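Notes follow the structure.
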Amino acid sequence: MGYTIAQKIIKNHLISGEMVVGKEIGLKIDQTLTQDATGTMAYLQFEAMGIKRVKTELSVAYIDHNTLQAGFENADDHRYIQTVTKKHGVRFSRPGNGICHQVHLERFSKPGKTLIGSDSHTPTAGGIGMLGMGAGGLDVAVAMGGGTYYITMPKMIRVNLLGKLSDYVGAKDVILEVLRILGVKGGVGAIVEYGGEGVKTLSVPQRATITNMGAELGATSSIFPSDEVTKAFLKAEGREEDFVELSSDEDASFDAEYTVDLSALKPLTACPHSPDNVKKVSELSGMKINQICIGSCTNSSMQDMLTVAQILKGKTVHKDVSLSISPGSKQVYTMLAECGALADLINAGARILECACGPCIGMGFSPQSAGVSLRTFNRNFLARSGTADAQVYLVSPETAAVSAITGVFTDPTTLGVAPKIEMPTVFKINDNLIELPVEESKSDEVVVERGPNIKPIPVGKAPEENLSCELILKVGDDITTDHIMPAGTKVLPYRSNVPKLSEFCFTVCDKDFPERAKAKGGGVILGGMNYGQGSSREHAALVPLYLGIKAVVAKSFARIHVANLINFGIVPMTLKNPEDYEKFAEGDCIGIENFKNAVAEQSHATLVNKTTGATAELCLQLSERQRAILLAGGRLNYTKQER
Ligand code: MIC
Ligand code: SF4
C-alpha cells in the first residue's frame, strides 16, 4: 500500500518505533525554530544539557512575541537569546525581521524536511510541504542537541479541496470551514493532508494560512503537496534549489476523508470564545464593531496585505473602529512600502504596527470593555486579547478590511467583483536581520549575557509511593494554555521568571488559585476534555510544577501539553469513565495507593475520593520512555541520569 505525504516524511526520518497509529515513534529533526516567549527557557535547557553546538541542519531563534518592552525584562531576554545563539550555532532573527512562522516560510522552510518549533503554529510550514510540529521548549532543546523527537504515530485525515475560491472568499474561510466540520478536538492524534484539484488554485501563503490553523484542530500537523505552485514560491524567494516534488501515492489510505468545495464557500467567522464556534459572516451582518486587527502568523503575507490595501485604497476606516495592521515580516513590510500599498493603508487610517505577534498575544490593542473585535488571527480564547469581557471574532482579511470601512460586520461578497491584486513574481530578499552564529572554534569567545529577570528553572521530583493530597482545582472542557498560564502585557515579560509567573497561573478561571496552591503545597488538578489545548508554552506545566501540582487527571489531553507535563514530571492520567468526573469536587481529599508503582508499570490506577468514599478508574497511557522520565522527576533529571 502507498504512503501519504506525511507518512513518506516520517518514514525518511524514523529513528525508533513502528509506524503504527497510536504507538510512540522517534523522529530525526532537520530544523528547529524558537520564539522569544518560549526561547529563553529552551536555550537555558539547551545550556543545561552541556552541548556545545547545535546538531541540526538549521536552527533559528526569532524575536517576535515580547517586543513591547515596557520594562527591562524583554530586552534582557532578547540579549540573552542573541548571545546564547551566537555561541551555540543558531541563527538569530532580530526583532523587526518578522513573525517566526512567516519568516521561516519565506526564508528557510523546505519540502520533505522535518521542523519542530517551540510554538504551536509551527505546522504553518506544511504550506510548503514540510512536516512542521509544535513542541515544548525542552523538546526543541533536545532536538537542537541532535536528540530524537518523540510523537505518537498519527492517523491520517485527508481534506479534498474542489473548485476555486470565489471573489472575497479567502484561505481563512477554508480552515474555518474545516474547523466547523471537525471542531477543536477533531484533529487530535492526526495529520491533516490537503489534496484534490483545488490545491493548485491556492498559493503557498494561502496554504500556510490553512496549515497554520490546523493547530486549532488539535492536529499534530497539517500538510499540502509540494507542486508547481511551491516551486514558483521558492523561485520568488530565490530558493528554487530547495524544491522537491511531494505528493501522496495514488493508493495511500486515510483514516477519514472530508471534502470542501472552495467554489461554494462563503465568508465565515469563529465566534467567541473558540475557533470552532463557526458561523457565516452573513448571519452576523450589521453587528457593530469596535476594533479590527489584521496580521498574525495566520494572515500577514504579502498577498493578504495587498488584498487589504486594495480594499482600503481611497477609503476611510469607520469613525467608531480602530484598525491595526501588522505585516508578517520585514520582506512583506518593505515590499508594501515600495509598491505604495503601505501608503494606501496609512491614508485609510489604519494604525500600522511593527511586524510581530502584537495584539494576537495580547501585547497591546486590548479592546474596550465588552468590545467587539474582528481579528484575522487564529485564537479567540477567553481574555487572550487582554480584555476579559471582549468578544473576539476570527475572520479573513477580506471580511476584516470591508468591515473596517462599514463599521459593522459585513459579508464582503455582497460587494460583488473583488479588485484584482498583482502579486510580485520575485520577492525582495534581504536577510540582513538574520545574524549568523560564530564559527565553532570561536564560540568560547562569546559571553552569554543574562539579565536579572532570568530565574532558575524548577526541577521535578520522583512520584511519591502513595499519593495523598487535595483536589486543588476542578475545571471544565477545552481548557487552554491561555487559561493555565495567561500571556499579555502584564505576564509575558516574566517568561523566564517562574516564581513571578506563578502569581498569574489559572487566574482566568480562579483568581485565588495561586495563593491556594501555595498555601496547600499543591495537589492534583481535575480537567475535562482536551485539557491544555492551544499554545506549546511549557510554562503551563513548569508553573503548576512550581506550585506543587503532582498530577493532572482529565477526560482527555492535548498533544503538546501532555508531552510538556511529562517533561516536567507531572503525571497525566485520564478517567476511564468520563462520567466519574462528577464524583469529585474541588477541595476533596484524594489519594492513589501505590502511585509510584502505577507510574512505573501499571496501565491503570484507582483514584479514591477520601472525602466521599467514591472511586474512579484512571488510565496511564504511557510509553516505557515516558514512564522512565516521570520516575526520574522530569526529562532534565532523566537526561542527566542517562549520561
Ligand atoms: C500563542 O499563539 O499562543 C503563542 C504565544 O504563540 C504560543 C507560544 C507561547 O505561549 O509562547 C504558541 O502558540 O505556542
Ligand atoms: Fe505569534 Fe499569534 Fe502566531 Fe502565536 S498565534 S505565533 S502569538 S502571531
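Every number for a ligand or one of its atoms is a count from 1 in the order of the listing. Values in this document were obtained by computation on a predicted structure and should not be read as measured data.
Remark: minimum distance from atom 10 (O) of ligand 1 to any protein heavy atom is reached at R537 NE, 2.5 Å. For atom 13 (O) of ligand 1, the closest heavy atom belonging to the protein is S120 OG, 2.6 Å. Here the heavy atom of the protein found nearest to atom 5 (C) of ligand 1 is I361 CD1, 3.2 Å. Of the protein's non-hydrogen atoms, the one nearest atom 7 (C) of ligand 1 is S535 OG, 3.2 Å. Scanning the protein for heavy atoms near atom 8 (C) of ligand 1, the closest one is Q35 NE2, 3.1 Å.
Side-chain contact between T269 and F409 is present, with heavy atoms from C-beta onward closer than 4.5 Å. In this structure, the side chains of S203 and F233 stay at 4.5 Å or more apart for every pair of heavy atoms.
Residue T38 has no N or O atom closer than 3.5 Å to an N or O atom of ligand 1. Close N/O approach between H65 and ligand 1 is found [any backbone or side-chain N/O within under 3.5 Å]. In terms of polar-atom proximity, defined here as any N/O pair under 3.5 Å, S118 makes no such contact with ligand 1.
F504 CZ to L492 CG: the interatomic distance, rounded to the nearest 0.5 Å, is 10.5 Å. Expressed to the nearest 0.5 Å, how far OG of S502 lies from CG of L542 amounts to 11.5 Å. Here the straight-line distance linking atom CD of Q206 with atom OG1 of T211 works out to 12.0 Å at 0.5 Å rounding. Atom CZ of residue F46 and atom NE2 of residue H88 lie 6.0 Å apart, to the nearest 0.5 angstrom. Of the inter-residue distances, the one linking T40 atom OG1 with N453 atom CG reads 8.5 Å to the nearest 0.5 angstrom.
Listed by atom number, the atoms of ligand 1 under 4.0 Å from R379 heavy atoms are 1 (C), 2 (O), 3 (O), 12 (C), 13 (O). Close approach to A37 involves these atoms of ligand 1, each under 4.0 Å from a residue heavy atom: 11 (O). Of all atoms in ligand 1, listed by their number and element, those nearer than 4.0 Å to a heavy atom of R495 are 9 (C), 10 (O), 11 (O). Set against the non-hydrogen atoms of S536, the atoms of ligand 1 under 4.0 Å away are 12 (C), 14 (O). Close contacts of ligand 2 with D119, meaning ligand atoms under 4.0 Å from a residue heavy atom, involve 6 (S).
Within the protein, the N, O or S atoms sitting under 2.8 Å from atom 2 (Fe) of ligand 2 are C360 SG.
Proximity of D119 to ligand 1, defined as any heavy-atom pair under 4.0 Å, is shared by backbone and side chain alike. If you look at H539 next to ligand 1, there are no close heavy atoms at all, none under 4.0 Å.
Between the side chain of Q31 and the backbone N or O of L115, no donor-acceptor pair lies under 3.5 Å. For the pair K500 (side chain) and P493 (backbone), a donor-acceptor distance under 3.5 Å is absent. Using a distance-only test at 3.5 Å, with no hydrogens or angles considered, no donor-acceptor pair links the side chain of D76 to the main chain of E73.
Between the side chains of D30 and H13, at least one donor N or O lies within less than 3.5 Å of an accepting N or O.
Between H483 and F381, the gap from one ring centroid to the other reaches at least 6.0 Å.
Contact annotation: R384 has at least one heavy atom less than 4.0 Å from an atom of ligand 1.
Checking L182, N378, L176 one by one against E216, the side chain to side chain contact (heavy atoms under 4.5 Å, CB included) holds for a single residue, N378.
In terms of heavy-atom proximity, I294 sits nearest to N299 at CG2-O, 4.5 Å.
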